[in-house]
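Comments concern the structure below.
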Amino acid sequence: MSDLAALQRETLAAIESASDEAALEAVRVGALGKKGSISARLATLGKLSPDERKMHGAAINALKDQVMEALAARRAVLKKAALEAQLEREAQDVTLPVRLPGVGTGRIHPLTQVMEEIVAIFAEMGFCVAEGPDIESDDYNFTKLNFPPGHPARDMHDTFFLRPDAHGERKVLRTHTSPVQVRTMLTQKPPIRIICPGRTYRTDFDQTHTPMFHQVEGLVVDQSSTLANLKWVLEAFCKAFFEAPHIGMRFRPSFFPFTSPSMEVDIQCRRSGGDIRFGEGDDWLEILGCGMVHPNVLTNCGTDPEVYQGFAWGMGADRLAMLKYGLPDLRDFFDADLRWIDHYGFKPLEVPTLAGGLSG
Ligand code: DAH
């Protein structure tokens, strides 16, 4: 019987020292599994005499019961310990301060901000956004817009020309967003109400000019659009954009080949020191060109000028950004200086809307 006592000691000690449920299971299988030490003892009972069987059987079964109880008790202890360890591991200190994610520290470029503001304002008025390529044909950039070949107005555009292609066609980097007017009229029937924000290019470089800059074109074509509508749209835009209830505006006669009559628009402002305020003062700042679409342009784009008329405008988005946010040098826009963007940039999640405020 002494070996049964040794087996009891060994098995109970193994149960007690099992450090996790897998180790405990291994002990169980070693003792009570098909080939386990206790199962083996039980299997020998059949070969004993009835008296011996009675005596040994009771002892082995008692050991089996004791081992099963010890296993259950140890299992409960291990389960509880595992749960406590998991709770400890996954504990969250809800009183810790919030750590800003990366997005909180990035900044939106003032120009992106201004483009989004402009789109938000005109979208509210019912305009769609149209787009065209930066590399444009001479035909769309000039000829269809009523700049005949050799016309002196072409020279005012300081154009970047590409090398002639296999057919001898010389493409240009578009000098304005007006070719998107052409593309739109060639593919859509009036009524048309679009704006075209985008990049434009001219060989020019100083404090207020960079070779790549940005414009937002506007075009309305239908049977009854008038100069009065144009003025209202531009006034409504300026009030919304500069976030002022009244903006003094001046429409000056001007010349563009693709509009007739043509005008340039100035807004009233006051400059003091480095500061500029809109809607008051005796200074005027030019912000855009506009006019009624020239009948030749309508004809060139397949729109009958006897039936339809339209108005258009084009404004410099970089210039609007400089004015609104007091940015003195356009060249800084494209220097990719992190200190500049940290100072002048906008919070990324504050999307400009008319209802929620344009500039946050
Ligand atoms: N395309 C002109 C420029 O870049 C701006 C412009 C003026 C656009 C009058 C227009 C317009 O649509 O009607 O100087």
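One is the number of the first residue; the rest follow in order along the sequence. Below, each value reflects all heavy atoms present in this structure, side chains not excepted, and no hydrogens, waters or symmetry copies. Each ligand, and each atom within it, is numbered from 1 in the order the structure gives.
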- Query: In this structure, are over 12 heavy atoms from other groups packed under 6.0 Å from M212 atom CE?
  - Reply: yes
Distance dump, ligand 1 polar atoms to protein, N/O, under 3.5 Å:
| from | atom 1 | to | atom 2 | distance (Å) |
| --- | --- | --- | --- | --- |
| ligand 1 | 1 (N) | H176 | ND1 | 2.9 |
| ligand 1 | 1 (N) | S178 | OG | 3.0 |
| ligand 1 | 4 (O) | R202 | NH2 | 2.9 |
| ligand 1 | 4 (O) | Q215 | NE2 | 2.9 |
| ligand 1 | 12 (O) | Q181 | NE2 | 3.0 |
| ligand 1 | 12 (O) | E217 | OE2 | 2.5 |
| ligand 1 | 12 (O) | W313 | N | 3.4 |
| ligand 1 | 12 (O) | W313 | O | 3.3 |
| ligand 1 | 13 (O) | A312 | O | 3.2 |

Give every donor-acceptor pair under 3.5 Å between a side-chain atom in residues 339-346 and any protein atom, sequence neighbours left out.
| from | atom 1 | to | atom 2 | distance (Å) |
| --- | --- | --- | --- | --- |
| R339 | NE | D337 | OD1 | 3.2 |
| R339 | NH2 | D337 | OD2 | 2.9 |

- Task: Please say which of F256, F251, F237, F122 ends up in a ring pair (Phe, Tyr, Trp, His ring centres under 6.0 Å) with W313.
- Result: F122
Side-chain polar contacts of residues 228-236 - donor-acceptor pairs under 3.5 angstrom, sequence neighbours left out - could you list them?
| from | atom 1 | to | atom 2 | distance (Å) |
| --- | --- | --- | --- | --- |
| N229 | OD1 | T226 | N | 2.9 |
| N229 | OD1 | T226 | OG1 | 3.2 |

- Identify, with sequence neighbours excluded, every residue that meets side chain to side chain contact (heavy atoms under 4.5 Å, CB included) alongside S17. none
- Run through P253, C290, S254 and flag the one making a side-chain contact (heavy atoms from CB on, under 4.5 Å) with E264. S254
